[in-house]
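For the single chain, residues carry numbers from 1 onward in sequence order.
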Amino acid sequence: IMRVLNSPNIDIRRKTLDIAMELISPRNINEVVLILKKEVLKTQSKDLDKNESLEYRQMLIKAIHSCAVKYPSIADSVVHLLMDFL
C-alpha cells in the first residue's frame with residue numbers, strides 16, 4: 001500500500017495515508033514509520049511545487065505523530081524528526 005505514496009496526485013497520497021493509518025499494527029509499525037520518515041526526507045530534497053510539497057509534508061508529519069501517540073514504543077525514534085518541523 002505504501003508504494004502508492006510515490007503518486008504525484010496529492011489526493012491519492014492522502015487516501016493512502018488514511019488507509020495505512022487504519023491498518024497499522026504492532027507488527028508493522030516500525031516499517032510504516034520508516035517509510036514515512038523517508039517520505040518526509042524526500043519532501044525536503046525534491047524540487048516539487050512548494051505548496052504541494054508543504055501540504056504533503058504536513059500530512060506525513062501528522063501521520064507520524066499519530067503513530068507515536070498510538071504506539072509510544074516508537075516515539076523515541078521519531079521525536080527528533082518531529083522536533084525539526086516545529
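- Under the 4.5 Å side-chain contact rule for hydrophobic residues, M59 and L82 share a cluster.
- Annotation: the span from H80 atom NE2 to K37 atom NZ amounts to 9.5 Å, rounded to 0.5 Å.
- Cluster membership check: L60 does not share its hydrophobic cluster with I19, using side-chain heavy-atom separations under 4.5 Å among Ile, Leu, Val, Met, Phe, Trp and Tyr.
- The side-chain heavy atoms of I12 and L5, taken from C-beta on, include no pair separated by under 4.5 Å.
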Show every donor-acceptor pair shorter than 3.5 Å between a side-chain atom in residues 21-31 and any protein atom, with sequence neighbours excluded, or say none if there are none.
from, atom 1, to, atom 2, distance (Å)
S25, OG, R27, N, 3.3
S25, OG, N28, OD1, 3.4
N28, OD1, S25, N, 2.7

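- Here the side chain of T43 pairs no donor or acceptor atom with the backbone of R57 at under 3.5 angstrom.
- Each of V40, L34, L36 was compared with K38 under the side-chain contact (heavy atoms from CB on, under 4.5 Å) criterion, and only L34 meets it.
- Rounded to the nearest 0.5 Å, atoms CD1 (I61) and OG (S66) are 12.0 Å apart.
- For the salt bridge (Lys or Arg N to Asp or Glu O under 4.0 Å) condition, no pair includes a residue of residues 60-83, sequence neighbours left out.
- Counting heavy atoms from C-beta on, the side chains of Q58 and L54 never come closer than 4.5 Å.
- Atom CD1 of I35 is separated from atom CE of M2 by 5.0 Å, given to the nearest 0.5 angstrom.
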- Message: Does V78 form a side chain to side chain contact (heavy atoms under 4.5 Å, CB included) with C67? I'd like the steps, not just the answer.
- Response: CA-CA 9 Å; V78 298; C67 290; over 6 Å; no
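- Of the possible polar contacts, one joining the R13 side chain to the S7 backbone as a donor-acceptor pair under 3.5 Å is found.
- Partners of E55 by salt bridge (Lys or Arg N to Asp or Glu O under 4.0 Å), not counting sequence neighbours, listed by chain and number: R14.
- K15 has its side chain out of reach of I10: every pair of non-hydrogen atoms, C-beta onward, lies at least 4.5 Å apart.
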